[in-house]
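A quick write-up on the structure given underneath.
Whatever order the structure lists ligands and atoms in, that order sets their numbers, starting from 1.
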Amino acid sequence: MQTSSLSGKTYFIRTFGCQMNLHDSERVSGMLDSCGCLEVAGPEDADIVVFMTCCVREAADTRLYGQCSSCKSLPAPPGGKRVIAVGGCIAQRDGAGLLTNLDNVDVIFGTHSIAHVAELIEEAFADGGRHVRCEETDLEPATSMPWHRAENYRAWVPIMTGCNNFCSYCIVPYVRGREKSRPFEQIVDEVRGLVRSGVREITLLGQNVNSYGRDLFGEPRFAELLRHVGDTGIERIFFTSSHPKDLLPETIDAMAEVPAVMPQLHLAVQSGSTRILKLMNRKYTREAYLDLIDRVRDRIPDIALSTDIIVGFPGETEEDFEQTLSLAEQVGYAQAFTFIYSKRDGTPAAKIDDPTPREVILERFNRLVKVIEDSAYAYNQGALGRRVPALIEGTSKKDPTRLLGKSPWNQTVHAPVPDGIEAADLVGKIVDVDVDVARTWYLSGAVVGSPR
Ligand code: SAM
Ligand code: SF4
Ligand code: F3S
């Protein structure tokens with residue numbers, strides 16, 4: 001542990017947004033831990049409060065202001081001063097501009113400057129000033145920094161950062177920069193190390209994992225990466241996100257052939273209308289997407305498909321929307337994240353006028369949600385009467401007598417805690433569950449046999 005003036009200070013991190021941010025928070029935590037800081041459960045007990053922000057939609061954006069101002073009413077910590085740091089995508093987008101509206105914020109650090117967070121916080125404590133760092137840094141990338149994992153049985157493994165796709169509605173490429181793949185062997189070694197430390201499940205992370213390696217090798221090497229990671233002894237591999245335009249046949253083969261790759265695929269479609277897909281700059285058609293789904297199902301018949309869909313892209317007509325509905329019905333998603341389009345300044349779509357009334361968009365959104373619920377329910381019915389291996393994450397928030405786990409198809413699985421066993425002892429274990437209830441968003445049943 002290095003000597004740091006932060007040693008002995010307490011910290012609290014609140015994270016918004018996607019898994020990228022959650023993982024970045026683990027790196028920030030890791031760095032503060034290595035300075036001798038101690039994580040606490042709430043901002044009231046913390047000398048250092050870090051907000052890891054998201055600006056993918058407006059709702060995420062506005063939450064930061066409420067969170068920061070609620071810190072003002074907290075009693076001062078024992079040391080007298082509380083440093084508030086804002087990181088993540090809003091910090092990257094707005095930089096020093098945030099200081100004007102957030103008068104109690106001391107540190108702003110962008111997505112490219114995570115490696116500097118500890119020194120910025122030290123400076124803020126030392127001089128009481130406000131410190132901002134958002135430019136690209138050639139210091140160590142975040143992925144080689146200390147890492148504080150919340151769980152010892154599963155982990156996110158970023159394989160690349162950034163995005164080159166510039167979908168016309170999306171702010172991510174502007175706040176995360178261009179695609180940068182981590183070295184192949186570094187990822188495989190990291191997974192080997194995780195396996196040695198008891199990790200059983202990993203999720204490979206990137207905005208478009210299918211193009212992993214393009215910047216390093218001139219062509220994507222994601223299929224090869226899956227095979228090498230699959231050879232490390234890791235038991236479960238998930239990955240997200242996959243852009244349909246880059247899902248190669250060899251990746252589908254690797255998914256089908258590597259036993260540790262779970263039968264689950266998140267393939268964001270965004271819209272079922274080729275006209276809207278073109279305006280979105282997605283670079284595939286409805287037909288190409290459906291053809292891809294057929295090819296995946298040919299190789300992995302029980303695959304659980306999930307997706308992201310945006311409703312209300314500027315100019316989307318009823319006819320376009322019905323194309324989305326019919327595509328969702330045809331695919332039969334096991335899960336979907338549905339979003340109402342949110343205008344993001346600086347993106348090309350923000351310049352497109354949209355005469356569609358808000359009520360119409362909301363009504364369409366609700367129709368889509370219903371289709372997704374029906375297909376998720378139908379997908380889960382397939383598990384009825386089957387024995388499903390669930391990796392136990394803990395107990396249900398609502399009912400501590402029920403275990404909460406995840407199936408290889410990414411379904412939530414509930415089961416009563418077996419007699420004579422402490423639920424806590426099952427966390428990170430795989431138990432078989434005989435499924436006798438299948439609802440829209442979970443399966444439930446009884447544990448059979450011994451945990452492993
Ligand atoms: N890179 C991932 C992909 O393309 O699959 C997506 C990452 S983004 C963080 C997650 C989702 O947010 C997108 O798939 C899209 O559906 C949604 N999203 C992005 N920008 C949006 C916007 N301006 N309004 C509404 N939803 C948006
Ligand atoms: Fe955004 Fe598109 Fe990149 Fe996904 S692929 S992060 S939706 S620009
Ligand atoms: Fe949000 Fe940034 Fe992720 S904008 S969705 S936290 S990449």
Side-chain angles (χ1 to χ4, degrees), residues 13-25 28 51-64 86-94 110-112 114 142 156 158-180 203-212 214 239-247 265-272 276-277 279-284 289 305-314 316 324 328 333 335-352 354 361 365 368 372:
I13 305 186
R14 175 152 291 150
T15 310
F16 304 96
C18 65
Q19 291 100 329
M20 284 291 169
N21 249 14
L22 285 162
H23 180 74
D24 283 352
S25 291
V28 171
F51 292 110
M52 292 296 277
T53 60
C54 169
C55 53
V56 76
R57 284 170 291 276
E58 195 181 350
D61 218 322
T62 44
R63 235 176 297 163
L64 173 65
V86 175
C89 295
I90 300 184
Q92 184 63 42
R93 185 193 60 187
D94 297 350
T111 53
H112 305 299
I114 291 182
W156 288 299
I159 62 169
M160 60 200 296
T161 53
C163 180
N164 290 356
N165 291 314
F166 290 93
C167 301
S168 64
Y169 49 81
C170 186
I171 195 79
V172 171
Y174 305 90
V175 288
R176 289 278 172 175
R178 294 298 71 72
E179 282 176 6
K180 216 182 221 172
T203 303
L204 303 175
L205 284 184
Q207 294 299 350
N208 178 15
V209 293
N210 294 322
S211 76
Y212 168 77
R214 207 193 298 267
F239 55 86
T240 194
S241 272
S242 281
H243 195 303
K245 78 175 167 52
D246 294 315
L247 180 60
L265 177 64
H266 183 80
L267 200 57
V269 68
Q270 313 296 359
S271 167
I276 294 294
L277 287 169
L279 290 171
M280 287 177 159
N281 193 29
R282 290 289 291 181
K283 301 196 170 77
Y284 53 86
Y289 183 89
L305 292 162
S306 61
T307 199
D308 293 348
I309 300 176
I310 297 177
V311 177
F313 184 84
E316 184 179 62
T324 297
Y333 290 109
Q335 215 184 347
F337 300 93
T338 46
F339 306 105
I340 291 181
Y341 169 76
S342 173
K343 179 175 165 177
R344 303 285 68 202
D345 286 340
T347 62
K351 297 195 190 87
I352 312 175
D354 190 14
I361 293 173
F365 181 78
L368 176 64
I372 299 298

Between the main-chain N or O of Ile276 and the side-chain N or O of Ser271, is there a donor-acceptor pair closer than 3.5 Å?
-> no
Sub-2.8 Å protein N, O or S atoms surrounding atom 2 (Fe) of ligand 3 = Cys89 SG
Are Gln207 and ligand 3 in contact, using a heavy-atom cut-off of under 4.0 Å?
-> yes
For atom 3 (Fe) of ligand 2, how many protein N, O or S atoms lie at less than 2.8 Å?
-> 1
In chain order, what residues pass the ring-ring contact (aromatic ring centres under 6.0 Å, His included) check against Tyr341, with sequence neighbours excluded?
-> Phe313
Is Lys343 salt-bridged to Asp354, cutoff N-O under 4.0 Å?
-> no
Where's the contact between Gln270 and ligand 1, heavy-atom distance under 4.0 Å: side chain, backbone, both or neither?
-> side chain
May I ask you to test the Cys170-Arg344 pair for a side-chain heavy-atom distance under 4.5 Å?
-> no
Run the contact test for Thr347 against ligand 1 with a 4.0 Å cut-off on heavy atoms, strictly below, and give the result.
-> no
Any His112 side-chain heavy atom under 4.5 Å of Gln92 side chain = yes
In ligand 1, the atoms that come under 4.0 Å of a heavy atom of Ser241 are 2 (C), 3 (C), 5 (O)
Among all protein heavy atoms, pick out the one at the shortest distance from atom 10 (C) of ligand 1; state its residue, atom name and that distance to 0.1 Å.
-> Asp308 OD2, 3.6 Å
Partners of Thr15 by side-chain hydrogen bond (donor to acceptor under 3.5 Å, both in side chains), sequence neighbours excluded?
-> Ser25
Asn165 side-chain N/O to Arg282 backbone N/O, donor-acceptor pair under 3.5 Å | no
With the side chain counted from C-beta on, respond yes when Thr338 and Val311 share a heavy-atom pair under 4.5 Å apart, and no when they do not.
-> no
Mark up the atoms of ligand 1 that fall under 4.0 Å of a heavy atom belonging to Ala268, in ascending order.
-> 5 (O)
So, do Ile340 and Ile361 sit near enough that their side-chain heavy atoms are less than 4.5 Å apart?
-> yes
Where's the contact between Ser342 and ligand 1, heavy-atom distance under 4.0 Å: side chain, backbone, both or neither?
-> both
How far is atom 4 (O) of ligand 1 from its nearest protein heavy atom, and which residue and atom is that?
-> Arg282 NH1, 3.5 Å
Taking Thr307 for the side chain and Ala336 for the main chain, is one N or O donor matched with an acceptor at less than 3.5 Å?
-> no
Under 4.0 Å between heavy atoms, the region of Tyr174 that gets near ligand 2 turns out to be neither
Do side-chain atoms of Tyr333 reach the backbone of Asp308 as a donor and acceptor pair under 3.5 angstrom?
-> no
Under 4.0 Å from ligand 1, counting heavy atoms only, is it the side chain of Tyr169, its backbone, both or neither?
-> both
Heavy atom under 4.0 Å from ligand 1: found in Gln19's side chain, backbone, both, or neither?
-> neither
Ligand 1 atoms in contact with Arg344 (distance to a heavy atom under 4.0 Å) = 23 (N)
Among Thr240, Val311, Asn165, Val56, whose heavy atom sits nearest atom 9 (C) of ligand 1?
-> Val56
Before signing off on this row, confirm whether Tyr341 and ligand 1 have an N or O atom pair separated by under 3.5 Å.
-> no
Nearest heavy-atom neighbours spanning His243 and Tyr284 | CE1-CE2, 3.6 Å
Contact between Arg176 and ligand 2, counting heavy atoms under 4.0 Å?
-> no
Who's the nearest protein heavy-atom neighbour of atom 7 (S) of ligand 2, and how far?
-> Tyr169 OH, 3.4 Å
Quick one: nearest non-hydrogen protein atom to atom 6 (C) of ligand 1, plus distance?
-> Gln207 OE1, 3.9 Å
Six-ring centre of Phe16, Arg63 cation under 6.0 angstrom, axis tolerance 45° = no
Contact summary for Val56 and Ile171, nearest pair of heavy atoms = CA-CG2, 3.9 Å
Can we call the ring centroids of Phe166 and Tyr174 under 6.0 Å apart?
-> yes
Side-chain touch Val209/Ser242, heavy atoms, less than 4.5 angstrom = yes
Rounded to the nearest 0.5 Å, what separation is found between the CD atom of Gln335 and the CG atom of Leu305?
-> 11.0 Å
Got a second to check how far Met20's CE is from Met160's CE, nearest 0.5 Å?
-> 8.0 Å
Residue, atom and distance of the protein heavy atom nearest atom 26 (N) of ligand 1 read Arg57 NH1, 3.4 Å
